[in-house]
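Scroll down for the structure; my scribbles are underneath it.
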Amino acid sequence: MIGSARLAIQAARAAVATAVVCSACAGPAMGEQRAGPLEAIQPGAVLRAIGLDPATQERALMLDPERISERELQATLALAPAPRIINLHGSVPLVTMLPFADFLIAMGYPAERLRNPRDGAYSYSSFTDSRQLAGMLAWHYEREGMMPMLIGHSQGGMLTMKVLQDLADNSGDPIAVWNPISDEPDGRFVIVDPVTGAARPVAGLQVPYATALATGSVMRVLLGQWGMLSRLRSVPDTVGEFTGFFIEWDPIAGSFPGSAQSNPYRPTGSAAVRNVTLPADYGHLSLPLTAHLAANPVTRDWISRYSPLGERTPLPAAEGLDVRNIEHAADIWYSVKKHWCLEAQRLIRAKLHLVEARD
């Protein structure tokens, strides 16, 4: 099982790498075109490109986003469009977010939706300018119909918060649309909404799900990021659902027992926010190391069945079983599946509405 899971990850990476090389030779792939003038973006094009047959669409719409089994994921959700996930690693990436991307791929998430379209990387730098990243999210939304999800580790979590707050900024300073393939601004500050067909600014777009792993104030001080100290835990309405993870004892982040209660992430409006404390023996730098959990059938099954709702299921226990990092891996996978489903259902309904209006 472990060998087959590793082969699956390697195959997925190889397929994506081939796609990157081919796109460099033959031009941009569908959904990743170089941005042109606003008039070149055709309203409804993203919806019309959804190629699901009626039976699959019906099955997808019947899924319960909060209770998706592995069988339902493989038979139905895997066939539906998926939001892009941007994994942001910490300031000193001794461990990048690549192992976490491997975990998501092995659990069933499309590898192509995890890679950087410019270079094929599965982990993004947390030193990226936050407004640039916000403009990149808008570029992807315009072409894919789904706002990306954000998963940030350590400083990557800080950047996640900064992006959400930039999207909520109504100061009047517009955010430029940013082309991730050419890695330069598009020369415009509005996009065509792929669902409504209306022109709209970047500011105000909402990310479906975001999370910050072991993001604290100590490194903000050491790195001179003073401006984030007072707003590090403020979650604006530019995210639908947010989860903040604290390690019970984490001197790097500056969190200790009770931190999730004394200094929690707080919504500034209607965002759904949860604060989760991880065991003290979890390591700050090693949180992304989760690929082994998808490779073992026991931990994989526990993760697939996990839900933060209701009574907590006891952790799997067996001699020699490696359950390192299983708690946040399971929680994030639950949320990723949920919002993958919700976003796919939203797009399918929008396409059906478009077809009805045309007929």
Side-chain angles (χ1 to χ4, degrees), residues 1-17 20 82-116 119-128 148-160 209-215 219 243 245-247 250 252-253 276 278-279 281-304 306 315-316 320-337 340:
M1 179 69 182
I2 295 175
S4 61
R6 287 175 177 166
L7 287 174
I9 293 171
Q10 292 168 359
R13 284 193 196 165
V16 168
V20 172
R84 191 169 294 276
I85 294 178
I86 294 180
N87 288 307
L88 297 157
H89 57 241
S91 57
V92 184
L94 298 175
V95 177
T96 70
M97 289 296 280
L98 174 58
F100 196 80
D102 283 344
F103 162 76
L104 294 173
I105 293 168
M107 292 300 296
Y109 209 79
E112 186 276 330
R113 286 308 197 206
L114 291 161
R115 71 174 178 87
N116 185 327
D119 59 10
Y122 290 89
S123 189
Y124 289 71
S125 170
S126 58
F127 287 103
T128 302
M149 296 186 255
L150 297 172
I151 301 176
H153 173 223
S154 195
Q155 180 170 274
M158 184 278 293
L159 181 57
T160 294
Y209 169 70
T211 184
L213 283 158
T215 299
M219 293 304 296
T243 305
F245 292 93
F246 300 76
I247 300 175
D250 185 357
I252 295 177
V276 177
L278 301 173
D281 61 354
Y282 277 33
H284 181 99
L285 296 177
S286 60
L287 288 180
L289 300 178
T290 50
H292 64 283
L293 298 167
N296 186 291
V298 175
T299 50
R300 181 189 183 96
D301 181 67
W302 190 88
I303 290 170
S304 295
Y306 171 88
L315 289 175
L321 186 64
D322 188 352
V323 296
R324 289 172 302 152
N325 298 327
I326 194 171
E327 296 194 31
H328 61 278
D331 199 277
I332 293 173
W333 179 238
Y334 169 87
S335 296
V336 164
K337 285 192 298 182
W340 179 3

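What's counted below: heavy atoms across the whole structure, side chains too, no hydrogens, waters or symmetry copies.
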Test item: S304 side-chain N/O and W302 main-chain N/O as donor-acceptor pair under 3.5 Å = no
Side chains of F245 and L287: closer than 4.5 Å at any heavy-atom pair?
-> no
Output for pair (M107 CE, K337 NZ), nearest 0.5 Å, gives 6.5 Å
For T211, which residues count as a side-chain hydrogen bond (donor to acceptor under 3.5 Å, both in side chains) partner, sequence neighbours excluded?
-> none
Does any N or O in the side chain of T215 come within less than 3.5 Å of the main-chain N or O of Q155, such that one atom is a donor and the other an acceptor?
-> no
Contacts of Y282 meeting ring-ring contact (aromatic ring centres under 6.0 Å, His included) (sequence neighbours excluded), chain-then-number -> H328
Between the side chain of H292 and the main-chain N/O of R324, is any donor-acceptor distance below 3.5 Å?
-> yes
For the side chain of H153 and the backbone of H284, is there at least one donor-acceptor N/O pair under 3.5 Å apart?
-> yes
Would you indicate whether the side-chain heavy atoms of I326 and P316 approach each other to under 4.5 Å?
-> yes
Check: I332 and T243 side chains under 4.5 Å, non-hydrogen atoms = no
Taking the side chain as every heavy atom from C-beta outward, state whether L289 and N325 have any atom pair closer than 4.5 Å.
-> yes
Would Y306 and D331 count as having a side-chain donor-acceptor pair, cut-off 3.5 Å?
-> yes
Compare all side-chain heavy atoms of T299 with those of D322 and state whether any distance is below 4.5 angstrom.
-> no
